[in-house]
Amino acid sequence: MRTHTCGVLRKEDDGQQVRLCGWVDTVRDHGGVIFIDLRDRYGRTQVIFDPDDSREAWAQAEKCRAEYVIQVEGVVELRPGDMANKKIATGDIEVRCNSIRVLNKSNTPPFPLEDAQAIKVSEDLRLTYRYLDLRRVGMQKNIRMRHKITQAVRAYLDGAEFVEIETPIMTKSTPEGARDYLIPSRVAPGTFYALPQAPQQYKQLLMVAGMDRYFQIARCFRDEDLRSDRQPEFSQIDMEMSFITPEDIFAVVDGMLVEIMKTAGHGDIQTPIQRITYAEAMDRYGSDKPDIRFGMEINDLSDLFEKTDFKVFGRVIEGGGVVKAINAKGLGGAPIRVMDDWTAMAKDAGLGGLAYIRVQEDGTWKSPIVKFFSDAEKAALQERLGMEVGDLVLFAADSKEKANVALGRLRLLAGEMAGVIDKKAFAFTWVTDFPLFERNDEGRLQSMHHPFTSPRFEDLALLDEAPETVRAQAYDIVLNGVELGGGSIRIHDPALQERMFKALQIPADEIKDRFGHLIRGLGFGAPPHGGIALGLDRLLMLMVGAETIRDVIAFPKNQKAQDLMMNAPARVDAQQLKDVYIEVIIDEDADEN
RNA sequence: GGGGGCGUAGCUCAAUUGGUUAGAGUACCAGACUGUCGAUCUGGUUGUUGCGGGUUCGAGUCCCGUCGCUCCCGCCA
């Protein structure tokens with residue numbers, strides 16, 4: 001149908017007879033001559049209709065509207081004089097058209113398809129007409145970058161001896177972790193498949209199967225509440241390797257990230273990617289996914305206030321807590337409203353309140369608490385935090401965990417407000433040595449990563465008497481404060497795996513029911529193995545600088561997990577329900593739900 | 001489950017202290033125009049101010065409820 005696309009014609013093509021197809025981008029009708037910008041995936045080309053060339057083509061062009069699909073035939077010409085359009089790649093030429101065919105008309109688009117305007121349009125409208133939204137230059141770029149990066153990943157992993165293997169989408173519900181999406185079975189009434197939250201057990205069993213190195217761009221499903229960087233179905237670059245140490249995983253992923261960054265046009269990154277332990281990340285950044293693009297680190301001041309007269313600090317330290325602070329440099333003039341917001345946030349993070357010092361123009365400190373400080377304490381504080389005119393110091397006095405988390409959140413807000421975060425930077429870091437367990441709300445022990453994670457062997461002795469201090473062979477890869485992925489060395493010894501389930505207080509019959517297959521598999525010569533999974537959507541979001549994960553997914557769900565274009569989820573026929581032995585019970589008047 | 005923001009023309013937004021017939025840009029329709037590229041010019045159409053109720057002489061504006069979208073906390077092994 002076409003001899004060229006709308007993005008390829010150049011000066012050199014002058015005089016060529018061509019046929020182009022595409023969408024009408026804009027029509028500029030001068031009464032006589034008519035210009036139509038024709039657009040396709042590859043670019044935009046100006047087509048000119050002159051009544052003197054073909055009265056018939058000109059008359060048809062006059063009727064064209066935005067998003068009509070047309071085919072034009074004509075001759076490539078250099079644009080006269082200084083009429084070149086430097087904004088587009090084909091701006092030196094135009095196609096003088098003598099024949100046009102309208103391949104399809106279009107209704108008036110419900111929103112403008114020009115990027116600058118479209119990004120302001122309410123997202124539910126964009127999602128309802130996603131096929132139009134995807135027609136935009138910006139979205140096309142994102143989706144193509146997704147393709148290019150997955151291709152680069154495949155090529156890289158193929159080169160590193162990884163084998164791409166698909167694992168089932170219909171599988172078995174996992175006990176811990178996120179809520180599962182369920183599929184009823186017709187053949188076995190009353191039973192259900194679950195969609196995988198991750199191919200975790202399959203990939204481990206592929207190691208038992210001797211595949212040695214597996215990868216998959218794996219679709220994962222988690223029925224939890226959505227965020228701007230979370231979708232109920234998302235993709236992971238999922239990998240598993242046999243006979244390896246964590247160093248091998250770091251090396252493979254470092255190399256892959258180099259390729260990805262290059263593909264995305266962000267140049268070379270330094271490897272090996274830096275590493276920080278979980279404990280240090282929490283101490284210095286108050287987060288297990290530290291944004292290391294800027295400073296404002298958290299300082300421990302407990303030693304300065306050990307013998308303080310300020311009772312609020314003194315009591316906390318006596319009780320085993322800490323006094324910590326960040327110096328939000330340059331924010332001494334932050335308005336009261338901001339301080340109120342931050343105080344509320346600190347309280348939300350579990351603190352009793354938020355103490356602060358503003359360093360005023362004349363160098364004096366404005367603060368409700370400094371009057372309780374001794375001269376020595378003030379001097380030490382000044383020295384420790386490098387306090388200067390215009391600074392704002394935020395204090396947290398509480399348990400180490402609460403102080404870290406609260407200051408970690410405030411640090412991000414402060415960094416943003418102070419404008420000290422380099423938006424063009426790509427700051428990667430590994431976070432290593434995560435704890436093996438954490439306590440949930442009921443005080444029960446649960447896996448921080450997942451129950452197949454190997455403890456560090458030197459900590460094994462502590463498994464029974466002090467499980468919370470046991471470190472895992474688990475690690476996350478973090479970019480600009482966003483968790484890109486995580487992995488671990490797995491347990492390959494069935495005895496240790498059983499011991500782990502016992503530590504988690506999972507009853508014996510449940511272990512057998514839910515993990516029997518894995519333990520059995522480990523019993524048939526499972527090699528030492530480990531792996532990692534990287535969130536592809538999040539990675540892409542950062543690579544293209546998108547605000548939300550939805551901008552790098554062709555057909556995403558909205559915050560209510562609905563597909564507005566397809567109108568899913570939806571009710572189904574009574575017969576369909578009957579087939580799978582499902583009865584829908586909705587209590588319309590219920591107070592709850 | 002909790003907190004914040006938003007909801008006015010197809011789209012993006014405005015509307016003073018509660019006060020006349022709810023406006024602008026754009027889109028759309030018609031006309032004019034032979035070198036534009038955000039074409040321009042003239043004219044025109046377009047409204048359940050999300051929905052329901054209340055206060056008031058009078059509500060886009062105030063109150064109550066409700067719905068929708070979105071951001072955050074919880075949640076996400």
Side-chain angles (χ1 to χ4, degrees), chain A residues 25-38 44-53 58 65-67 77 79-88 90-91 94 96 107-129 132 174-180 196-198 200-201 220-232 234 341 344-345 347-350 405 409 412-413 434 436-438 440-441 445-453 472 474 483 486 488 500 504 506 514 533 535 547-548 550 558-560 562 564 592-593:
Chain A
D25 199 61
T26 51
V27 183
R28 292 179 295 280
D29 184 349
H30 287 255
V33 68
I34 297 171
F35 299 100
I36 287 182
D37 286 342
L38 197 60
R44 237 167 71 200
T45 299
Q46 174 165 287
V47 183
I48 177 168
F49 298 86
D50 193 317
D52 300 338
D53 296 334
W58 173 84
R65 296 291 178 269
E67 302 311 312
E77 286 182 355
R79 296 202 193 179
D82 57 351
M83 302 291 174
N85 183 353
K86 293 189 174 59
K87 285 187 228 163
I88 58 175
T90 61
E94 62 195 358
R96 183 164 289 274
N107 296 321
T108 302
F111 58 90
L113 298 194
E114 202 222 330
D115 280 339
Q117 293 176 62
I119 54 173
K120 296 201 296 187
V121 172
S122 74
E123 206 174 347
D124 53 333
L125 193 69
R126 286 175 49 200
L127 290 176
T128 304
Y129 298 93
L132 292 179
T174 49
E176 295 190 52
R179 215 169 285 118
D180 285 315
Q197 296 176 29
Q200 183 60 35
Q201 295 180 51
C220 305
F221 305 86
R222 296 177 190 177
D223 186 5
E224 295 293 345
D225 285 348
L226 281 67
R227 290 279 192 286
S228 55
D229 64 350
R230 268 167 30 191
Q231 282 276 301
F234 60 100
D341 280 358
M345 161 143 269
K347 285 181 178 166
D348 195 47
V405 169
R409 286 188 196 169
L412 294 177
L413 296 175
F434 273 77
L436 188 62
F437 301 115
E438 61 188 344
N440 67 10
D441 294 338
L445 224 49
Q446 64 182 38
S447 295
M448 194 140 178
H449 187 49
H450 57 54
F452 321 112
T453 304
E483 180 196 329
S488 62
M500 196 61 54
L504 290 165
I506 302 175
R514 321 210 88 143
E547 299 260 317
T548 91
R550 299 182 292 275
N558 72 359
Q559 198 167 39
K560 284 233 171 117
Q562 297 162 317
L564 292 177
E592 294 164 78
N593 297 331

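Here the structure is a predicted model, which is why all the values come from computation and not from measurement. So you know, we letter chains A, B, ... as the sequences are listed, proteins then strands, and number each from 1.
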Rounded to whole angstrom, note down the C1' distance from B:G43 over to B:G52.
40 Å
Looking only at side-chain N and O atoms, does A:Arg28 offer a donor or acceptor that is under 3.5 Å from a partner on A:Gln46?
yes
Picking from B:G74, B:U34, B:U36, which would you name as closest to the side chain of A:Asp225?
B:G74
For A:His30 and B:A39, is the gap between ring centres under 5.5 Å while the planes differ by less than 30°?
yes
Just how far, in rounded Å, is P of B:C72 from CG of A:Leu412?
13 Å
Between B:A39, B:U70, B:U26, which nucleotide gets closest to the side-chain atoms of A:Arg28?
B:A39
Gap in Å between the two C1' atoms, one belonging to B:U46 and one to B:A22, rounded
13 Å
Starting the side chain at C-beta, find the nucleotide from B:C71, B:U36, B:C37 nearest to A:Asp37.
B:C37
Taking atom types as they are modelled, would you say the side chain of A:Arg409 forms a donor-acceptor pair with the base of B:C72 within the 3.5 Å cutoff?
no
Looking only at the side chain of A:Phe111 (C-beta and beyond, no hydrogens), which of the listed nucleotides B:A39, B:C11, B:C71 gets closest?
B:C11
Going by an N to O cut-off under 4.0 Å, is there a salt bridge joining A:Arg550 and A:Glu123?
yes
Base of B:G38, side chain of A:Arg44 - is there a donor-acceptor contact under 3.5 Å?
no
Of the candidates B:C73, B:C69, B:G35, the side chain of A:Asp348 sits closest to B:C73
A:Thr26, nearest nucleotide to its side chain (from B:A39, B:U34, B:G35)
B:A39
Determine yes or no for a side-chain-to-main-chain donor-acceptor pair under 3.5 angstrom, with A:Ser228 supplying the side chain and A:Thr548 the backbone.
no
